[in-house]
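Contents: one structure, followed by commentary.
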Amino acid sequence: MTVSITAPSTRDRRPAALGGAPAFPDGLPLVRPALPDTPALARRLEAILASGQLTNGPTVRELEETAADYLGVRHVVAVASCTSGLMLVLQACGPHGPVVLPSFTFSASAHVVHWAGGTPVFADIDPASLTIDPRDAAARLPHASALLATHLYGTPCAVEDLQDVADTAGVPLVYDAAHALGSRRRGRLVGGYGTAEVFSLSPTKVVVAGEGGLVATNDDAVAGACRIGRDYGNPGDYDCRFPGLNARMSELHAAVALASLEALDARVAHRNALVDRFKSVTAGLPGLAFPAVDDGDTSTYKDLTLLLDPPAFGLTPAQLAAALRAEGIDSRRYYSPPVHRQKAYAGLGPEPLPVTDRVAEQVLTPPLWSHMDEGQIEAVAGAVVACHRRAGEVRGALG
Ligand SMILES: *Cc1c(COP(=O)(O)O)cnc(C)c1O
């Protein structure tokens, strides 16, 4: 007779918070950047160093052309970060007044409004997609000079409705697309919507440069202003047309970004498969839901964010985070507190944002990265299931 030794099933697993063996004794970080083929990249970096041209060179141009081809847009301008790219775009669009944007986003979305000379006006989000609610945005737009929307976690916004709302108000629509390089709205890549879309290549994103950003636009004037603006506002004759930034991307960063762009669609597909696996392992758990991605759309799943209803799930997001930490599993509360609750924006006064405030109480983001394997995501999902099943004891053990 053969005895097969199998791992304890999810059902019987004792959570590490209750003394069980941790799912990841060596720890599972929130993200690990995907950098394919390091030797080829190292050779490319060596060649750049040997050339002596570390900025304003052919690698940045190659990245811009490659990204513009991939996205199907007229212009891509590589910049030092998504934050600086958004500052330059807003400056180019000239919104020196109120800018309507979601509070349920990363803080940089609001900071860029300030740096471009505007004032953030926060709008609420759609309770299903968690992206900006077009109707609430419309209600706040009459006195505003621009609309700034975030493709949150990679979920494409309701771009058609937002364009209608922006056109009706007569204001430019700009996208913080930090999470969405590789996302698709009804099959079409995000990047060509609105006046401009700005991607981030910082290390927690799906495509990485180390640090960097990409401005994508079909608007010649906006592209031109960003090209000059990333170079202090100097078009080359040292007679600056406006006060710009140093927001250039270096050749070294562009080489990393080019390597990271390779096989992006396959990586996005793998991330979606991992999310499907997570959802099937946790299917039917009471009090656990996920942000909705419209049928026919593709999210990069920059983040896999869970929505917990504590009375039904048995644990608050903070309690589940602590229980996962005992398993060696890292997590974040993307995005809590929402921007309008952060100290930096306390001076704007309280805005009623009921959906944002409710959702911010529910979010927890466990690890997801592009080269994670199915066993790892199953173990994360299994830990969530185990913590739910013994939620009462876990709550007691956490004190
Ligand atoms: C990361 C991020 C940014 C900032 O990107 P950087 O490249 O780090 O400047 C802006 N908006 C959102 C939504 C982000 O997640």
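Remember, it's 1-based here, ligands and their atoms both numbered in the order they're listed. Remember, it's a predicted structure, so these values are computed and weren't measured experimentally. Start at 1 with the first residue, then count along the sequence. Both backbone and side-chain heavy atoms feed into the values below; hydrogens, waters and symmetry mates do not.
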Exercise answer, ligand 1 polar atom pairs (N/O) under 3.5 angstrom:
{"residue": "ligand 1", "atom": "5 (O)", "partner": "S200", "partner atom": "OG", "Å": "3.3"}
{"residue": "ligand 1", "atom": "7 (O)", "partner": "C82", "partner atom": "N", "Å": "2.9"}
{"residue": "ligand 1", "atom": "7 (O)", "partner": "S200", "partner atom": "OG", "Å": "2.7"}
{"residue": "ligand 1", "atom": "9 (O)", "partner": "C82", "partner atom": "N", "Å": "3.3"}
{"residue": "ligand 1", "atom": "9 (O)", "partner": "T83", "partner atom": "N", "Å": "2.9"}
{"residue": "ligand 1", "atom": "9 (O)", "partner": "T83", "partner atom": "OG1", "Å": "2.5"}
{"residue": "ligand 1", "atom": "11 (N)", "partner": "D176", "partner atom": "OD1", "Å": "3.2"}
{"residue": "ligand 1", "atom": "11 (N)", "partner": "D176", "partner atom": "OD2", "Å": "2.6"}
{"residue": "ligand 1", "atom": "15 (O)", "partner": "H179", "partner atom": "NE2", "Å": "2.5"}
{"residue": "ligand 1", "atom": "15 (O)", "partner": "K205", "partner atom": "NZ", "Å": "3.0"}

Side-chain polar contacts of residues 177-186 - donor-acceptor pairs under 3.5 angstrom, sequence neighbours left out - could you list them?
{"residue": "H179", "atom": "ND1", "partner": "Y153", "partner atom": "N", "Å": "2.8"}
{"residue": "H179", "atom": "NE2", "partner": "Y335", "partner atom": "OH", "Å": "3.2"}
{"residue": "S183", "atom": "OG", "partner": "G154", "partner atom": "O", "Å": "2.6"}
{"residue": "S183", "atom": "OG", "partner": "T300", "partner atom": "N", "Å": "3.2"}
{"residue": "R184", "atom": "NH1", "partner": "G187", "partner atom": "O", "Å": "3.1"}
{"residue": "R184", "atom": "NH2", "partner": "D265", "partner atom": "OD2", "Å": "3.4"}
{"residue": "R185", "atom": "NE", "partner": "E160", "partner atom": "OE1", "Å": "3.3"}
{"residue": "R185", "atom": "NE", "partner": "E160", "partner atom": "OE2", "Å": "3.2"}
{"residue": "R185", "atom": "NH1", "partner": "D294", "partner atom": "OD2", "Å": "2.9"}
{"residue": "R185", "atom": "NH1", "partner": "D297", "partner atom": "OD2", "Å": "2.6"}
{"residue": "R185", "atom": "NH2", "partner": "E160", "partner atom": "OE1", "Å": "2.8"}
{"residue": "R186", "atom": "NH1", "partner": "E160", "partner atom": "OE2", "Å": "3.4"}

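F290 carries K279 over the face of its six-membered ring, with the cationic atom under 6.0 Å from the centre and within 45° of the normal.
The ring pair (Phe, Tyr, Trp, His ring centres under 6.0 Å) search around F313 returns H388, not counting sequence neighbours. With sequence neighbours excluded, the residues that form a side-chain hydrogen bond (donor to acceptor under 3.5 Å, both in side chains) with R140 are D136, E351.
When all heavy atoms are compared, the tightest approach of L274 to I377 is O-CG1, 3.7 Å.
A donor-acceptor pair is defined here as one N or O able to donate and one able to accept, closer than 3.5 Å; no such pair exists between the side chain of Q376 and the backbone of M372.
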